[in-house]
Q: 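I have a structure here, written as structure tokens, and I will follow up with some questions on it.
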4 protein chains.
Amino acid sequence: MARLSAKKKAVLERMTRDSLISAVEKLLQEDGWKGTTMDRIAKEAGVSKGTVYNYFKDKRDILFSVMERNTEEIREFVRSVDLGKSDPVELLRKIVDKTFMDLYEKRKLISATVQAYYEDKDLRRNIDPDQACHEDHPMREVRKVIAEVIAMGVKSGVFRPIEPAMAEAAINAMTMGVAKQFAAGMVSFPGEVYVYTVRDLVIRGLLAD
Amino acid sequence: MARLSAKKKAVLERMTRDSLISAVEKLLQEDGWKGTTMDRIAKEAGVSKGTVYNYFKDKRDILFSVMERNTEEIREFVRSVDLGKSDPVELLRKIVDKTFMDLYEKRKLISATVQAYYEDKDLRRNIDPDQACHEDHPMREVRKVIAEVIAMGVKSGVFRPIEPAMAEAAINAMTMGVAKQFAAGMVSFPGEVYVYTVRDLVIRGLLAD
Amino acid sequence: MARLSAKKKAVLERMTRDSLISAVEKLLQEDGWKGTTMDRIAKEAGVSKGTVYNYFKDKRDILFSVMERNTEEIREFVRSVDLGKSDPVELLRKIVDKTFMDLYEKRKLISATVQAYYEDKDLRRNIDPDQACHEDHPMREVRKVIAEVIAMGVKSGVFRPIEPAMAEAAINAMTMGVAKQFAAGMVSFPGEVYVYTVRDLVIRGLLAD
Amino acid sequence: MARLSAKKKAVLERMTRDSLISAVEKLLQEDGWKGTTMDRIAKEAGVSKGTVYNYFKDKRDILFSVMERNTEEIREFVRSVDLGKSDPVELLRKIVDKTFMDLYEKRKLISATVQAYYEDKDLRRNIDPDQACHEDHPMREVRKVIAEVIAMGVKSGVFRPIEPAMAEAAINAMTMGVAKQFAAGMVSFPGEVYVYTVRDLVIRGLLAD
DNA sequence: AATGAATGAGGGTTCATTCAT
DNA sequence: TATGAATGAACCCTCATTCAT
């Protein structure tokens with residue numbers, strides 16, 4: 001009985017937590033970080049304002065959870081990649097495709113998240129004061145793997161002799177830029193087509209002559 | 001006398017206007033859109049808060065003026081370009097270089113501007129309610145020319161058969177992404193080197209095999 | 001068996017109760033009345049917040065228990081005094097010494113207690129709504145004995161003809177004031193020396209010429 | 001005209017400022033520091049909450065102004081004292097009388113003020129971060145003069161050889177304690193009589209045999 | 001009897017905008 | 001036209017208390 005009760009409670013908590021994150025996702029897409037107020041989060045999730053603070057330390061903490069949940073898929077994908085066996089070009093194509101597709105699907109949310117992340121001076125630093133500045137960004141692993149794939153390609157001669165970190169930074173810049181365009185409704189052509197076009201642009205830019 | 005007085009007045013007004021825009025530029029770079037309050041704008045420009053409202057409809061209106069002033073140089077450059085005579089590759093290289101360098105120099109300002117621009121749902125619409133959404137963006141002409149240059153390159157066979165609007169959108173995405181990276185201090189390698197690397201990546205991505 | 005179980009229960013309850021009071025004492029000294037939240041009390045005592053409300057009517061109720069426990073010693077001392085046989089001067093000296101020393105040792109706690117006691121409009125009244133305002137103050141007996149000692153001294157001529165209640169009120173005022181000074185760290189000289197100095201000042205002030 | 005207008009404005013500002021301080025005084029007496037909320041201050045003064053922040057940096061700043069206004073009289077009195085010429089006993093009697101009378105008249109206000117002063121950890125330190133801890137307390141000058149008078153009396157032999165700083169601290173303790181008693185309605189005898197009784201107690205305590 | 005998640009009124013503070021002078 | 005005091009809605013956050021389990 002006690003066991004069951006504990007289980008029930010855990011389920012309920014999980015539901016509330018999910019409900020809160022979903023609420024934030026929705027509001028974030030509709031009104032951005034600034035427009036996502038604690039009051040509205042609570043109302044949207046159907047709980048009281050105080051409850052929000054029982055689940056999250058503060059407003060910033062919620063954002064971090066949103067980011068984690070929404071990068072989970074791509075991070076899982078990247079984690080499953082076997083760096084040793086694959087062709088770097090194909091691998092990069094796959095990762096970039098996946099990333100851009102994720103962006104396309106979550107358009108507004110990703111954009112708003114990134115937005116908020118940069119907007120708030122302390123956001124990058126204060127999530128966990130014990131950790132270094134960018135170490136805790138959920139996308140960090142993904143970025144690292146991309147840089148590694150590029151390094152592999154450069155080493156094997158399939159890519160131009162480019163500094164992998166720079167190339168990765170450029171790809172990341174484009175990723176974020178594309179997310180913004182999607183979010184702002186600035187892209188008038190079919191999403192998939194655009195995604196593949198951008199992906200090709202980037203990879204061709206890396207290829208050796 | 002009345003004529004002179006009118007001239008004097010116009011000069012003074014111009015000075016105040018410039019002073020206000022400069023104030024916003026400074027504050028925008030230091031503290032972002034949210035941190036740029038009307039109080040501080042007025043104080044920095046050396047006028048009263050009420051006066052700010054005599055020159056600009058509201059806070060958003062100032063931002064538009066800031067954007068206009070800070071894209072003037074690149075827009076002027078683009079306007080001076082003779083599309084007929086030049087080599088598309090060289091031309092695109094020049095324009096992209098100029099654009100990225102502008103970004104690099106104005107890093108924080110451009111980023112904060114873009115930031116604010118997307119952040120505020122109504123910002124894009126409310127500057128002039130009679131105009132369409134994106135028509136009034138100061139960078140519009142620049143983007144148009146870039147698309148035209150790409151179209152030329154595609155036509156002449158030096159670029160791959162890519163949809164010019166998409167390619168331009170991709171370049172724009174990267175531009176904005178890079179600006180953000182610069183502003184957030186996420187770029188640890190020398191600015192110029194990074195700029196040229198990115199530029200090369202993009203143009204090589206466009207070249208025909 | 002029921003008897004034993006009841007005993008056990010009583011012991012456990014006593015332990016919880018003591019644990020709660022100790023928790024409040026600790027927190028009160030560290031962070032004052034306002035900083036002593038129910039959450040922290042519960043956590044410090046190792047029980048849940050709900051349990052606190054099983055032992056005490058509300059936050060105020062706990063304070064009263066704290067006061068009682070911390071004045072027990074001095075009240076016991078005063079109760080043991082034999083008013084009949086002693087020299088009033090010596091007696092007063094002893095009681096005042098004891099009181100002040102108690103204050104010195106419990107500095108922050110006493111001060112925080114007094115603080116809270118006055119701070120909260122309803123605190124004095126709501127502990128037991130059926131009782132009169134000051135009747136239930138734990139220090140009441142002590143104050144009464146001091147007044148009696150002074151009266152004795154006045155009667156015997158060793159003290160000036162002063163209204164005992166007033167003299168006692170003055171001593172009490174100084175006691176509370178000294179506690180505050182101790183708690184606020186405003187006393188830069190050795191505690192014991194200050195205590196004896198104050199005590200002398202008071203008693204000499206009472207002595208007949 | 002401009003001159004007159006400026007004068008008018010200054011008068012109006014003064015009125016608002018006074019109105020705000022009076023509001024705080026009233027609320028402070030009725031409900032203590034904690035009960036004196038910014039909302040109620042604004043409502044009581046008949047202005048908006050925002051206006052309160054145009055006149056005072058924050059809640060603490062208001063308290064400091066209240067303290068200044070309410071100790072002005074006694075501080076002025078002390079400043080006018082000619083230390084050189086007077087008899088220390090008479091002087092001390094006068095100062096202590098004045099102080100206690102002030103306390104008696106302002107009872108609750110002074111008490112609540114002192115209360116708040118101790119209650120808020122940062123209050124003592126943060127009014128002006130450039131200044132030392134207690135340096136900025138409005139009553140500082142008064143306390144200094146009292147210590148000086150006692151030193152004079154000790155030197156001339158009219159007072160016992162007591163450490164002046166300690167004696168002053170004791171007097172201060174009593175002062176604060178008496179204020180509290182007045183504020184809490186704990187004094188049942190006529191205020192003036194009590195004031196003089198306490199004053200005598202203190203000064204007799206200081207006198208040499 | 002014990003738990004702790006949920007509550008929500010209320011806290012101090014900020015700031016774009018208005019308007020009487 | 002220039003001023004800046006006044007405004008008040010909105011912000012993020014706290015915490016004593018309740019109540020279903």
Side-chain angles (χ1 to χ4, degrees), chain A residues 1-2 4-6 8-10 12-13 16-17 34-43 45-60 62, chain B residues 9 12-13 16 34-43 46-62, chain C residues 9 12-13 16 34-43 46-60 62, chain D residues 1-2 4-6 8-10 12-13 16-17 34-43 45-62:
Chain A
M1 176 105 179
L4 181 66
S5 169
K8 266 191 205 164
K9 208 195 286 187
L12 285 176
E13 285 196 15
T16 304
R17 201 187 167 77
K34 217 181 114 180
T36 301
T37 70
M38 297 305 265
D39 268 286
R40 298 184 66 212
I41 291 170
K43 179 166 276 182
V47 300
S48 76
K49 211 176 1 171
T51 297
V52 184
Y53 283 91
N54 286 339
Y55 284 82
F56 301 97
K57 194 177 132 283
D58 54 24
K59 205 190 168 191
R60 286 194 199 94
I62 309 181
Chain B
K9 200 152 66 170
L12 286 176
E13 284 193 11
T16 303
K34 216 179 119 179
T36 300
T37 68
M38 295 303 264
D39 266 288
R40 297 183 66 212
I41 292 170
K43 177 169 274 183
V47 300
S48 78
K49 220 181 344 176
T51 298
V52 183
Y53 282 89
N54 287 336
Y55 284 83
F56 299 96
K57 191 175 136 284
D58 53 23
K59 206 189 166 192
R60 289 189 196 98
D61 191 24
I62 312 181
Chain C
K9 201 152 65 171
L12 286 176
E13 285 194 9
T16 303
K34 214 178 120 179
T36 301
T37 68
M38 295 304 263
D39 267 287
R40 298 183 65 213
I41 291 170
K43 175 168 276 183
V47 298
S48 77
K49 221 180 344 172
T51 299
V52 184
Y53 282 88
N54 286 337
Y55 284 82
F56 300 97
K57 192 176 135 283
D58 53 24
K59 205 186 165 193
R60 289 189 196 96
I62 311 180
Chain D
M1 177 105 176
L4 183 62
S5 169
K8 266 191 202 164
K9 208 195 289 188
L12 285 176
E13 283 195 17
T16 304
R17 201 186 168 77
K34 215 179 115 182
T36 300
T37 69
M38 296 306 265
D39 268 288
R40 297 184 66 212
I41 292 170
K43 179 167 276 182
V47 298
S48 77
K49 211 170 10 161
T51 297
V52 184
Y53 283 90
N54 287 338
Y55 284 84
F56 301 98
K57 190 176 136 284
D58 53 24
K59 205 188 168 195
R60 287 195 199 94
D61 190 27
I62 310 182

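All values derive from a computational prediction rather than experimental measurement. Residue numbers start from 1 in every chain, and the chains themselves are labelled A, B, ... in the order their sequence lines are given, proteins ahead of strands.
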Q: Could you report the tightest heavy-atom contact between D/M38 and D/K59, atom names first, then the distance?
A: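 Distance-wise, the nearest heavy atoms are SD-CG, 3.6 Å.
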
Q: Give the rounded distance in Å between these two atoms: CG of D/L12 and C1' of E/dA20.
A: 11 Å

Q: Below 4.5 Å, heavy atoms only, C-beta onward: do A/E13 and A/N54 meet side chain to side chain?
A: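 The answer is no, as the side chains (C-beta and beyond) never meet within the 4.5 Å cut-off.
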
Q: Near DNA chain E, which residues from residues 49-56 of chain A have a heavy atom under 4.0 Å away?
A: A/K49, A/G50, A/T51, A/N54, A/Y55

Q: Looking at A/D58 and A/Y53, what are the two nearest heavy atoms and their distance?
A: CA-CE2, 4.1 Å

Q: Within this structure, what is the CD1-to-C1' distance between B/I62 and E/dT17, rounded to whole angstrom?
A: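 So the CD1-C1' distance, B/I62 to E/dT17, works out to 12 Å.
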
Q: Would you indicate which nucleotide in E/dT17, E/dT3, E/dT13 comes nearest to any side-chain atom of B/D58?
A: E/dT17

Q: I need the D/T51 OG1 to D/R17 CZ distance, nearest 0.5 Å.
A: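 Those atoms lie 13.5 Å apart.
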
Q: Taking any heavy-atom pair under 4.0 Å as a contact, classify A/E13: base, sugar-phosphate, or nothing.
A: sugar-phosphate

Q: Roughly, in whole Å, what's the span from NZ in A/K43 to C1' in E/dG8?
A: 12 Å

Q: In terms of the nearest nucleotide of DNA chain F, which residue is placed more toward the 5' end: B/T16 or A/K59?
A: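 Between the two, 5'-proximity favours B/T16.
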
Q: What pair of heavy atoms forms the shortest contact from D/F56 to D/D61, and how long is it?
A: CA-OD2, 3.5 Å

Q: Please tell me if B/S48 has a side-chain N or O lying less than 4.0 Å from either OP1 or OP2 of F/dT3.
A: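 Checking F/dT3 against B/S48, a side-chain N or O does come within under 4.0 Å of OP1 or OP2.
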
Q: Would you mind classifying the nucleic acid contact of B/M38 as base, sugar-phosphate or nothing, using non-hydrogen atoms under 4.0 angstrom?
A: base

Q: How many Å lie between CD1 on D/I41 and P on F/dG8, as a whole number?
A: 17 Å

Q: Tell me: CZ of C/R40 to C1' of F/dA16, nearest whole Å?
A: 15 Å

Q: Would you compute the distance between atom CD1 of C/I41 and atom NZ of C/K49 and round it to the nearest 0.5 angstrom?
A: 11.0 Å

Q: Output the pairing pattern of DNA chain E as a dot-bracket string, 5' first, Watson-Crick or G-U wobble with both distances under 3.5 Å, | for cross-strand pairs, [ ] for crossing pairs.
A: .||||||||||||||||||||

Q: In whole Å, I'd like the distance from the NZ atom of A/K9 to the P atom of E/dA2.
A: 16 Å

Q: Side chains of C/T36 and C/I62: closer than 4.5 Å at any heavy-atom pair?
A: no

Q: Between C1' on F/dT14 and NZ on D/K34, what's the gap in Å once rounded to a whole number?
A: 11 Å

Q: What integer distance in Å separates B/D39:CG from F/dA6:C1'?
A: 12 Å

Q: With a 4.0 Å cutoff (strictly under), does any side-chain N or O of C/T37 reach OP1 or OP2 of F/dT14?
A: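 Checking C/T37 against F/dT14: no side-chain N or O falls below 4.0 Å of OP1 or OP2.
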
